[in-house]
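Working notes, structure below.
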Amino acid sequence: MNVLVINCGSSSLKYQLIDSESEAVLAKGLCERIGIDGRLVYQKTGLDKEITEAPMPTHKQAIELVINALVNDKTGAIKDLSEIDAVGHRLVHGGEKFACSVVISDEVLQAVEECNDLAPLHNPANLIGVAACQEVMPNVPMVGVFDTAFHQTMPKKAYLYGLPYEYYEKYKVRRYGFHGTSHSFVSKRLAEYLGLDYQNSKLIVAHLGNGASISAVQNGKCIDTSMGLTPLEGLVMGTRSGDIDPAIMEFIAKKENLDIEGVMNVLNKKSGVQGLSRLSSDFRDLEDGHANGNEMATNAIEVFCYRVAKYIGAYVAAMNGVDAIAFTAGIGENGPLVRQKVMEYLGYLGIAVNEETNGVHGDEAVISTADSKVKVCVIPTNEELAIARETVALVK
Ligand code: ADP
């Protein structure tokens with residue numbers, strides 16, 4: 001089966017065409033600046049990237065351009081539209097309604113729309129992507145895979161905030177968690193890679209990218225994760241603050257003369273390692289800065305790693321132990337310095353860094369020493385493949 005995986009934002013749309021038998025990526029790319037002017041990036045596996053400036057007033061035109069590229073005589077990956085057997089959509093917020101992936105129907109779309117309030121920037125854009133695909137491919141089955149679904153197994157004690165209970169009852173204010181597709185994929189692969197029984201294991205996954213989150217997965221179920229009602233909670237991220245004293249919001253609002261939108265903008269876009277370092281949100285720049293004696297870059301890296309280590313400690317407590325820990329996503333897969341610094345906090349778990357294997361970039365590896373009591377690994381994430389697998393499982 002060929003599955004087209006779609007990750008649709010308000011002005012961009014990422015896609016991958018995956019052959020589900022071989023799990024090979026046949027082609028991939030993205031549409032950018034939808035509704036502004038429009039740029040299509042397309043790459044058939046094995047060939048060079050093609051970049052085409054092309055008008056994309058709406059997402060429908062963007063999808064049409066993607067399909068045209070996929071079936072193009074010269075560089076297309078398939079002959080015609082009939083070779084796309086299913087579409088898998090990344091959907092950000094499924095609220096409490098979706099604990100697993102679903103075949104998209106009118107009822108499902110309605111239920112997703114009811115969650116829009118919880119993810120006003122992402123869900124409406126995701127739904128526009130679904131509608132555009134349905135218009136262009138009316139007879140192709142579509143599946144929705146939610147970022148929040150994997151975390152729906154969290155117990156009440158983990159997902160409730162210490163707020164008036166009526167906010168949960170009236171508005172569903174609670175912790176949901178994100179990056180669920182990645183946490184699910186990586187935790188399963190971690191167990192498999194180490195020969196552990198997934199259904200009888202205590203695992204921690206640190207998804208460290210621009211957005212970053214950690215989850216505790218006990219016996220194959222997520223029991224806690226660091227992101228909350230929104231992706232702002234938890235770790236210090238590229239530009240997001242993560243956990244702060246909520247009273248800081250009023251304090252800064254008064255000092256800087258900001259309204260609530262202004263404060264939220266600071267917490268989402270001007271904080272994290274970017275705000276701390278005054279240099280960059282990108283860890284490659286921070287590592288260069290650190291290597292060249294930039295103290296602000298070093299501080300930002302230290303704050304980031306300390307927060308990760310504290311969350312790992314919290315999740316060891318939550319599960320009363322841990323069998324293995326995985327690092328994944330951009331920084332987790334490519335950042336030996338961050339991994340080493342985090343692991344240095346974990347000596348109490350009988351963890352020691354294998355300095356040779358910790359040099360790995362983007363490959364699976366055990367990066368703790370052979371005699372470490374708890375194994376620490378790098379496990380590359382692959383959210384598109386996870387979405388393709390879920391899609392096949394539901395439409396077959
Ligand atoms: P997102 O999907 O949230 O945008 P990614 O998972 O792509 O994020 O991760 C982006 C982060 O990964 C950036 O901070 C980037 O600097 C970091 N990263 C990517 N490659 C490397 C590398 N070789 N060394 C260190 N950090 C890296």
Side-chain angles (χ1 to χ4, degrees), residues 121 178-179 182 204-214 225-228 230-315 325-347 351 353 355 358-362 367 376 378 381:
L121 293 181
F178 298 86
H179 294 139
S182 176
I204 293 175
V205 175
H207 176 112
L208 310 180
N210 228 334
S213 68
I214 300 209
T225 190
S226 58
M227 284 178 169
T230 76
L232 184 55
E233 190 179 342
L235 301 177
V236 175
M237 309 183 208
T239 61
R240 294 182 212 142
S241 65
D243 300 338
I244 57 163
D245 177 346
I248 291 172
M249 298 176 73
E250 186 203 17
F251 189 84
I252 294 298
K254 285 186 176 155
K255 293 278 184 205
E256 296 270 313
N257 198 20
L258 292 171
D259 58 10
I260 191 71
E261 279 79 28
V263 174
M264 293 313 293
N265 189 46
V266 171
L267 298 184
N268 273 306
K269 304 210 170 123
K270 297 187 177 169
S271 301
V273 291
Q274 160 86 61
L276 277 167
S277 69
R278 289 204 201 113
L279 176 68
S280 173
S281 61
D282 191 305
F283 264 75
R284 284 164 287 203
D285 300 333
L286 297 177
E287 285 178 11
D288 287 348
H290 168 69
N292 293 320
N294 179 331
E295 246 177 70
M296 300 291 274
T298 304
N299 281 343
I301 295 172
E302 294 292 349
V303 172
F304 179 87
C305 295
Y306 181 63
R307 182 75 57 89
V308 173
K310 282 210 294 188
Y311 262 97
I312 291 175
Y315 289 165
I325 299 170
F327 284 99
T328 195
I331 303 158
E333 292 167 28
N334 297 294
L337 177 71
V338 166
R339 295 191 300 243
Q340 164 141 9
K341 282 186 179 291
V342 172
M343 287 167 77
E344 280 168 1
Y345 287 104
L346 307 177
I351 289 174
V353 185
E355 286 183 16
N358 186 39
V360 74
H361 281 270
I367 56 169
V376 183
V378 172
T381 190

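Values below: every heavy atom of this structure, side chains too, minus hydrogens, waters and symmetry copies.
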Next on the checklist: Could you go through M249 and I260, starting from their C-alpha distance and side-chain angles, then the distance that decides it, and tell me whether this counts as side chain to side chain contact (heavy atoms under 4.5 Å, CB included)?
Outcome noted: CA-CA 8 Å; M249 298 176 73; I260 191 71; 4.1 Å; yes
Check for a donor-acceptor pair, side chain of [X] on one end and backbone N or O of [Y] on the other, with a separation under 3.5 Å.
X	Y	answer
E333	T381	yes
R339	N358	yes
R240	L267	no
N268	M264	yes
N334	H361	no
Y315	S226	yes

Item to check | V342 vs V338, side chain to side chain contact (heavy atoms under 4.5 Å, CB included): CA-CA, chis, key distance, verdict | outcome: CA-CA 6 Å; V342 172; V338 166; 4.2 Å; yes
Checklist entry - Within a radius of less than 6.0 Å around CG of N257, do more than 12 heavy atoms belonging to other residues, nucleotides or ligands occur? => result no
Checklist entry - How about E250: does its CD atom have over 12 heavy atoms from other parts shown lying under 6.0 Å from it? => result no
Straight-line distance of [X] [atom1] to [Y] [atom2], nearest 0.5 Å:
X	Y	atom1	atom2	value
I331	L235	CD1	CG	10.0 Å
Y306	Y345	OH	OH	7.0 Å
T225	I204	OG1	CD1	11.0 Å
I214	H179	CD1	NE2	12.0 Å
D243	M227	CG	CE	11.0 Å
E355	M343	CD	CE	10.0 Å

Taking the side chain as everything from C-beta on, heavy atoms only, tell me whether [X] gets closer than 4.5 Å to [Y].
X	Y	value
V353	I367	no
F304	N299	no
I312	V308	yes
I301	F283	yes
L258	I252	yes
L286	D282	no
H290	L337	yes
N210	M237	no

Checklist entry - Have S241 and S271 got a donor and an acceptor in their side chains that come within less than 3.5 Å? => result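 Absent: no donor and acceptor within the cut-off.
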Between [X] and [Y], which heavy-atom pair has the shortest distance, and what is it?
X	Y	result
A329	G209	CB-N, 3.9 Å
V263	A253	CG2-CB, 3.8 Å
G238	S281	O-CB, 3.5 Å
F327	V376	CE1-CG1, 3.5 Å
I248	I244	CD1-CB, 4.0 Å
V236	G272	CG1-CA, 3.7 Å

Next on the checklist: Using the rule given for side-chain hydrogen bond (donor to acceptor under 3.5 Å, both in side chains), can you reason through T328 versus H207, listing the C-alpha separation, both sets of side-chain angles and the distance that settles it, and then say yes or no?
Outcome noted: CA-CA 5 Å; T328 195; H207 176 112; 5.4 Å; no
